[in-house]
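For reference, the structure discussed in these notes is given below.
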Amino acid sequence: MHRARRLLQLLVGLVLYGTAAALLVRSELGTNPWDVLHQGISRQTGATMGTVSIVVGALVLLLWIPLRERPGVGTVANVVLVGLSLDAVLAVFPEVPADAWAARVGLMVGGIVLLGAATGLYITARMGSGPRDGLMTGLHRRTGRSVRLVRTGIEVLVLAAGFALGGTVGIGTAVVALTIGPVAQFFLRLFGTMIPSPSERMSDRISTQGRRTGILRVRSHRTDRDREPSCADAG
């Protein structure tokens, strides 16, 4: 039952992630570095952004092999569902006129908030990291460099490539970069508190049983949250 709930949480989070990405694209103010790359490749090849996202995600996943990263159910679902939902929303959501600044800013803000909520949902499901962040953590372990440095390096390269291919880089790109961390962290903590991990539930049961018998007294641990989930786990 708990696994079914976590799977549903994962699927909802990934669909919302693709929806948020589509809102940022429709704002035409710029989006996150990976979607700038997807947009640039899409404009060069004629393929939809969602298709490009799926192909790029699959290629990144291949890089996990030499890094000895192990994918989970959420990793594979991430590759497919984000791209499909991105295409679906772009297909039904019309382009916004260039002079409709209020609407464009609203889409950008809504996209960032929804992106943070989606990140919190699928990461706290704990069913595997996204392919792009598995690349980041794998390189971090292999090179010994900090996660922040590795992530920054990857995203600068991706952003530069996307911009060169014609992806939109604008004020929204900077706003996403500056705000997505705190927004995602807020939702990670919110959902992490509302939806305890399986080990936390087991620990709480042990503690409850101990109090009932008067013999076993084990304090509830925070096994899966000794390290709070981080927005570095997203993607």
Side-chain angles (χ1 to χ4, degrees), residues 14-64 75 78-101 103-112 114-116 118-119 129-136 138-139 148-181 184 231-232 234-235:
L14 292 177
V15 170
L16 291 180
Y17 196 99
T19 302
L23 295 182
L24 289 169
V25 170
R26 282 291 183 249
S27 76
E28 285 293 336
L29 294 173
T31 184
N32 67 76
W34 282 101
D35 280 331
V36 172
L37 176 64
H38 301 153
Q39 189 177 49
I41 295 174
S42 174
R43 288 174 174 171
Q44 293 298 320
T45 64
T48 65
M49 269 192 72
T51 300
V52 172
S53 174
I54 292 171
V55 172
V56 170
L59 292 175
V60 171
L61 199 53
L62 291 177
L63 297 176
W64 282 33
T75 308
N78 185 298
V79 172
V80 177
L81 284 183
V82 172
L84 292 179
S85 57
L86 171 59
D87 270 355
V89 176
L90 288 177
V92 300
F93 203 99
E95 294 186 6
V96 179
D99 59 351
W101 284 100
R104 293 169 67 189
V105 170
L107 286 173
M108 179 189 71
V109 173
I112 292 171
L114 189 57
L115 196 66
T119 299
S129 63
R132 295 156 185 84
D133 283 298
L135 174 64
M136 175 194 68
L139 288 173
R148 179 173 297 181
L149 179 61
V150 172
R151 186 185 185 100
T152 300
I154 292 173
E155 295 197 346
V156 167
L157 289 174
V158 166
L159 182 64
F163 179 69
L165 291 169
T168 301
V169 176
I171 187 172
T173 309
V175 174
V176 171
L178 292 173
T179 62
I180 192 58
C231 58

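The minimum heavy-atom distance linking I180 with I112 is given by the pair CD1-O, 3.9 Å. Taking every heavy atom of both residues into account, I154 and M136 meet most closely at CD1-CA, 3.9 Å. Heavy-atom minimum distance, T75 versus S129: OG1-O, 2.7 Å. Shortest non-hydrogen contact noted between A47 and V52 is CB-CG2, 4.0 Å. Heavy atoms only, all atoms of each residue included: T119 and A184 are closest at CG2-CB, 4.1 Å. Closest approach of V60 and P131 over heavy atoms only: CG1-O, 3.3 Å.
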Full working for side chain to side chain contact (heavy atoms under 4.5 Å, CB included) between F93 and L23: CA-CA 8 Å; F93 203 99; L23 295 182; 4.1 Å; yes
May I have the step-by-step check of side chain to side chain contact (heavy atoms under 4.5 Å, CB included) for N78 and R132, ending in yes or no? CA-CA 10 Å; N78 185 298; R132 295 156 185 84; 4.2 Å; yes
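Between W64 atom CH2 and L135 atom CG the span is 9.0 Å, to the nearest 0.5 Å. The distance from atom OG1 of T51 to atom CD1 of I41, rounded to the nearest 0.5 Å, is 12.0 Å. Note that the CD1 atom of I54 and the CG atom of L84 stand 4.5 Å from one another [nearest 0.5 Å]. To the nearest 0.5 Å, the span separating CZ on R26 from CG on L24 amounts to 12.0 Å. Interatomic distance, CG of L165 versus CD of Q44, reported as 5.5 Å (0.5 Å rounding).
Evaluation of the side-chain hydrogen bond (donor to acceptor under 3.5 Å, both in side chains) rule for N32 yields D35 as partners, not counting sequence neighbours. L178 pairs by the side chain to side chain contact (heavy atoms under 4.5 Å, CB included) definition with nothing, not counting sequence neighbours. Qualifying side chain to side chain contact (heavy atoms under 4.5 Å, CB included) partners for L159, counting only residues two or more places apart in sequence or in other chains: P33, V36, V169, T173. Shown here are the side chain to side chain contact (heavy atoms under 4.5 Å, CB included) partners of A100, two or more places apart in sequence or in another chain: V96, P97, A103.
Residue-environment remark: CG (L149) exceeds the threshold of 12 foreign heavy atoms within 6.0 Å.
In terms of modelled atom types and a separation under 3.5 Å, the side chain of T168 and the main chain of G30 share no donor-acceptor contact. Formation of a donor-acceptor pair under 3.5 Å by the T152 side chain with backbone atoms of R148 is found in this model.
Here salt bridge (Lys or Arg N to Asp or Glu O under 4.0 Å) pairs that include residues 153-165, with residues two or more places apart or in two chains, are R151-E155.
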Under 3.5 Å, which donor-acceptor pairs do the side chains of residues 104-111 form with other protein atoms, sequence neighbours left out?
from : atom 1 : to  : atom 2 : distance (Å)
R104 : NE     : S27 : O      : 2.9
R104 : NH1    : A98 : O      : 2.6
R104 : NH2    : E28 : O      : 3.1

